[in-house]
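The structure appears right after this line, and notes come after that.
Atom set for the values below is all heavy atoms of this structure, side chains included, hydrogens, waters and symmetry mates excluded. The chains referred to below are lettered A, B, ... by the order of the sequence lines, with proteins before strands, and numbering in each begins at 1.
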2 protein chains.
Amino acid sequence: MARSTRRRPDPTHPATEEIDLLDVLHALADPTRMTIVRVLRAEPERACGTFPVDVAPSTLSHHFKVLRESGVITQREEANRRFSALRTADLEHRFPGLLDTVLAAHARTGPGATPDAS
Amino acid sequence: MARSTRRRPDPTHPATEEIDLLDVLHALADPTRMTIVRVLRAEPERACGTFPVDVAPSTLSHHFKVLRESGVITQREEANRRFSALRTADLEHRFPGLLDTVLAAHARTGPGATPDAS
DNA sequence: ACGCAGTTTCGATGGATGTCGAACATCGCA
DNA sequence: TGCGATGTTCGACATCCATCGAAACTGCGT
């Protein structure tokens, strides 16, 4: 049965031109999701369950949905696992420099942030 | 009575180093507030009631409060009116390039946005 | 075939948020 | 001194949102 190999439908993503800035900002304005994006920034792809966040699996799934529907990440299904990746190129094309700037700002002030690195 | 010249206390603002990125992103992730910021971007200062937004005065006041408490704007009292201004320098110092990038992104895709200006 | 591991969906819940109208405060001006 | 203009605060309300637990689904290994 080649036609129904995949029962669960592929997750839907917005087209690049459909990505809304306010949706993206809202998606990034959450600690858990910001952590996810930061991790994804360093690695090209990663399975859902392997993120260093301390929330229930269902909550995590919710956050991935928000990130996906806002156009920040892509999700690819492989067997049982779902791999997530940043839509770096798409975001760069639509909002040049945005992701870099936001992540740099968070790196400066968020986690261990060098107290006076200016 | 020099000590109680000003009855209504000056609005409180967070110190520059206290400005939180996620708070800023959240503040910007609202159409009304984004409009306010965009207008403020063009003019150095402006009275509250003169913004081209279509909400009740009390709602507007609420949005100004959110913007102020997140560190995006300053509010100065002059007589009856309250003037708002972007904390451009503070934001630039704390999150270099952030405001420019976000506003540029919104200009590209938000209002009249040249359909295919790439 | 069975069960386990990884994820999503559903339902519920408490808290934040955007919105409004009414009431209050402040200042300038007639 | 009283009125109008400008904003804020308060209370209410509907909605959204982050979170959880339980249930269901999918595919792999035993």
Nearest whole Å is fine: how far is [N] [atom2] from [X] [atom1]?
X	N	atom1	atom2	value
R81(B)	dG4(D)	CZ	P	18 Å
F64(B)	dT17(C)	CZ	P	18 Å
L22(A)	dT17(C)	CG	P	16 Å
K65(A)	dC10(C)	NZ	P	8 Å
L67(A)	dA18(D)	CG	P	10 Å
Q75(A)	dT26(D)	CD	P	17 Å
L25(B)	dT17(C)	CG	C1'	17 Å

So, is R82(B) close to the dT6(D) phosphate, meaning a side-chain N or O under 4.0 Å from OP1 or OP2?
->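 Checking dT6(D) against R82(B), no side-chain N or O comes under 4.0 Å of OP1 or OP2.
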
With sequence neighbours left out, what residues match [X] under side chain to side chain contact (heavy atoms under 4.5 Å, CB included)?
X	value
S61(B)	none
P96(B)	R108(A), E92(B)
A47(B)	T50(B), R81(B), F83(B)

State, yes or no, whether a side-chain contact exists between [X] and [Y] at a heavy-atom distance under 4.5 Å.
X	Y	result
S84(A)	T74(A)	no
L60(B)	I36(B)	yes
L98(A)	V102(B)	yes
E45(A)	L40(A)	no

Counting N and O atoms only, with roles assigned by atom type, does the side chain of T59(A) sit under 3.5 Å from a partner on the main chain of V55(A), one being a donor and the other an acceptor?
->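 No, because the side chain of T59(A) does not come within donor-acceptor range (under 3.5 Å) of the backbone of V55(A).
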
Between R46(B) (side chain) and A85(B) (backbone), is there a donor-acceptor pair under 3.5 Å?
->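 No.
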
What's the verdict on side chain to side chain contact (heavy atoms under 4.5 Å, CB included) for I19(A) and D23(A), showing C-alpha distance, side-chain angles and the deciding distance?
-> CA-CA 8 Å; I19(A) 300 179; D23(A) 288 345; over 6 Å; no

With [X] via side-chain hydrogen bond (donor to acceptor under 3.5 Å, both in side chains) - residues at least two apart:
X	value
D90(A)	T16(A), R87(A)
D100(B)	R41(B)
T35(B)	none

N/O-N/O pairs, protein side and nucleotides 28-30 of chain D side, under 3.5 Å:
none

Drop me the distance from H106(A)'s NE2 to M34(A)'s CE, to the nearest 0.5 angstrom.
->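 Going from NE2 on H106(A) over to CE on M34(A), the span is 5.0 Å.
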
Would you give the length of the straight line joining atom CG of D30(A) to atom CG of L25(B), rounded to the nearest 0.5 angstrom?
->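 Reported value, rounded in 0.5 Å steps: 11.0 Å.
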
Give each protein N/O atom lying under 3.5 Å from an N/O atom of nucleotides 1-3 of chain C, with the pair distance.
none

Please tabulate, one pair per line, all N/O donor-acceptor pairs under 3.5 Å involving side-chain atoms of residues 62-73 of chain B, not counting sequence neighbours.
residue	atom	partner	partner atom	Å
H63(B)	ND1	R33(B)	NH1	3.1
R68(B)	NE	Q75(B)	OE1	2.7
S70(B)	OG	V66(B)	O	3.1
S70(B)	OG	L67(B)	O	3.0

Can you check each nucleotide of nucleotides 18-23 of chain C against protein heavy atoms at under 4.0 Å and return B for base, S for sugar-phosphate only, - for none, in 5' to 3' order?
-> SBBB--

In degrees, rounded to 10°, what is the bend between the two ends of the helix from dA1(C)-dT30(D) to dA30(C)-dT1(D), using five pairs at each?
->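 The angle separating the two end axes equals 0°.
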
Positions of residues 34-45 of chain A (non-hydrogen atom under 4.0 Å from DNA chain D), listed by number =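 The answer is none.
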
